Amino acid sequence: MKNNIARIALFAALLMTLPRQGNSQEAQRKNFLSCPVVQDTKTVPCWLSEYKGELYYLGIQTDISAEFHPPYLGHKVLVEGIVSDEPRICGGVVLKPVVVSPMPEPDSSCNTILPALDKYTVPFAPRPPGPSGGTLAFQAPRRGPAAEQPSTGPREFSIYYDFDQPVTQADMQPFSLKSWTMPRRSKRNASS
Amino acid sequence: MGREIRIDSRLKVGTGAGGLRQTLGWRGDAHIYKDDYDQPDGHHQEPHWLGICHSLSLGRGQPAEGGRVRAELEPIGRVTALTLSRYPRRPSPGGRGSAELRNAISDFGAETLPGLPTRCNINTLETTMRIRPYLFLLTALVLLNSSPRIFRSAAFTINAWWTPGSGELIPATIAYDNQYGSLTMLNTSGDVQTKGHAFFEPIGTNGRACVTCHQPADGMSISVETIRDRWRVTNGSDPLFAAVDGKNCPDLPDGYPKSHSLLLDKGLIRVSLPWPPKRPDGNDVKPEFTLEVVRDPTGCNNSSVYGLNSQSPAVSVYRRPRPAANLKYVTADGFGVGRFIAKNGQPAERDPETGKLVQMNMMADAREVSLRSQARSAAGGHLQLKGALTETQLEQIIAFESQVYAAQTSHHEAGNLIEPGGPPALGPAAMAEGRTGVLGNNITNFVFPMGDKWKILSRTGNAERDAQRAFRESVARGHDVFFFRTFWIKDAMHLNTVGLGNPVKRTCSTCHGMHMTGMDTANGWMEVGTTNLPWAREAPVSPWSSETTDLPLFKLTCNNAVAPHPFLGRVIYTQDPGRALISGKCNDIGTIVMQQFRGLAARAPYFSNGSALNLRELVDFYDRRFNIQFSEQERQDMVNFLSTL
């Protein structure tokens, strides 16, 4: 009897635990539509977005070689990200990984630029707000000799582009053979 | 003898002042000035040799005052050259003036003073000619047969309208005065014989040549001051004012300045583009927007002959002629030129004749893919050439355009801009030697490499030299404002949308990033509001103002099948839809290909619609547009910097 009670108790506890684990994972994922916010710093600005009373950190301004391409003021942004355990940046909970995609329709309510504050710094910024030091923020590694590729068979490519927007030059980086652009944002897979 | 050009000028020398009316002639390889005024007693003054220098400061001559002679021209119109003579003229008020200068130059002799504008040395040689003609001729021959680099420090000067078909020789290096100093045109292929040359001959039916709107004195563009001069000198009969595009609309009455007001007031040429746009294969582009005429002050867009409802529907917009110099940068296919247009992801244009990708940085709307296609279009349109350019003519035009460089070389306040050890970006030789297709928005290449020499200059105690040094420091600061001064670049189509975000905290050189020119290295059309409302310059609408805007205004409505313009929405008012008149794209409305910064001093006004009448207005536009909040010092430094390019 005691064993049965113990088993029932264990099973009940397990049942209670499982949904919690699922909720916990779900709680880490944040998908929302909100206004982007610029938090200036002494160097480059941070990009934030507020959702349900919490401020989330999306990324910083660098250049077009970055995987994170900042959103647009004047438009809401679709944010899809996972809450990380990293310390807050510019006051925002860090979402990593994160993809952002500006909505096509203008929204004049998205117009917040917060002035620089001493407490917010971005020492990890790979380039200053002005001219670069001569390299892109995320310079593509030099390519070695081309690896042998199968001449036939399926190959997979990832093409990133903004929500409901045309593919741009930056999106087409893998095909344009330019080292100064990187794929980004919402991901679609295509096979050929 | 070549053509004769009249200069109206007023000479101010020291405390004296006198009036001069001169004709300027050209003989052989040197510019020679002859005086044609009548003496007070009625005797006609025989021609004499004269010298020319746009800013002369003699510290060694010990003239009558026992000190320095400072001479400068008080300009009327565009002429800013100081013309000196070494013999007495009619008495000037107070008995001083040119006679005083004569003494000064006499004492000055053929020697040079360090730090003076080197063109004054030529002046000195010319004035010495009567004494030691062999010395002058020998020196002239040496200079004319030397490399362009030598001409960096010695150039002749002339204020000239280049008349189509004049048949004169253009020397390898030739300098022209402008309001800030002088600009030098460098022909890297050496002297150019213009007789029979397709760029210089009136090969069309209206008397124009390419040179009509691409004047050497104006940095191979044309300034509004030059245009007004031509109107005054020819009473409006110059082919420059041809009805086809030199009038606000071809059917306006002849001979009235009002019929040419956009050309006379803002230097604008009418550009008629088919509506809807045509693909290169002749098929229509289906535009993403409708186009309505809201305001038509020229009458051309509502004209039953030339307008949107004519048999050949067309849109008339009004644009400044672009400089036909330094073109190796405009046509280069380096950084930023790829298979896709960096701005919108569309496939990049290819030159149908070569199959090569093209930079798409030519013309305000990038509608021409090559110098060849541009020459053909311009000959048929602006020159009204019947038939087609021959292959020989095409080669002549392109060969000339590909070897000509123009940049400011002397500045009234900064002095010689190309002296050894000076800023390496300045002057046409630097342009000729510069690398193309290079992104300069970094501290390894720089957009305009200026070096450090002018950053901090010690003072000498000599007021004039210290003034020059202070000005040079201002130029250096102006460069740094251009290159390092951050501000929020916001709502700029094809800049904020390429992955940088909106806004982006950057600098002027973020957009104007091409090494040596300040153009865009990528396909260069952007929208910053020079032609689109609300930022475009418009006359204020108020009961207290009688001013009216003389440019047309269009209402463009993007259809619901496409995304709205990200920063302007679906309904956009514009004076010129720019690239959208070619691509038919909603997000191209009002985008204009940015221009090179070189020779700015010689070719005001600025922006494609001539809306910035001077460099200060140009700087002020950006300050207003992006809320930069330049200090007064920063504004002046920027103007000073731009005036030296």
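Protein chains get the first letters and strands the later ones, always in sequence-line order, with residue 1 at the start of each. Just so you know, these numbers come straight off a predicted model, no measurement behind them.
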Within a radius of less than 6.0 Å around CG of Asn31(A), do more than 12 heavy atoms belonging to other residues, nucleotides or ligands occur? yes
Using non-hydrogen atoms only, which part of Arg570(B) is less than 4.5 Å away from chain A: side chain, backbone, both, or neither? side chain
Under 4.5 Å from a heavy atom of chain A, the part of Asn496(B) involved: backbone
Smallest separation among heavy atoms of [X] and [Y], with atom names:
X: Val498(B); Y: His69(A); value: O-CE1, 4.4 Å
X: Gly499(B); Y: Pro70(A); value: O-CD, 3.4 Å
X: Trp47(A); Y: Asn502(B); value: CH2-O, 3.0 Å
X: Arg127(A); Y: Asn441(B); value: NH2-ND2, 4.0 Å
X: Thr497(B); Y: Tyr72(A); value: CA-OH, 3.4 Å

Most heavy-atom pairs under 4.5 angstrom with chain B, which of [options]?
options: Ser108(A), Ser132(A), Pro45(A), Gly133(A); value: Ser132(A)
options: Val38(A), Asp40(A), Thr62(A); value: Asp40(A)
options: Gly134(A), Gly130(A), Pro129(A); value: Pro129(A)

So, taking the atom named NZ in Lys505(B) and the one named OG1 in Thr41(A), what distance separates them when rounded to the nearest 0.5 Å? 5.0 Å
With chain A as the partner, which of [options] has the greatest number of non-hydrogen pairs under 4.5 Å?
options: Gly513(B), Ser509(B), Pro503(B); answer: Pro503(B)
options: Ala348(B), Pro566(B), Ala563(B), Gly569(B); answer: Pro566(B)
options: Thr486(B), Asp491(B), Val504(B); answer: Val504(B)

Contact origin within Glu105(A) toward chain B - heavy atom pairs under 4.5 Å: both
With a 4.5 Å cut-off on side-chain heavy atoms, are Arg506(B) and Asp63(A) touching? yes
Phe567(B) vs Pro106(A) side-chain heavy atoms within contact, under 4.5 Å: no
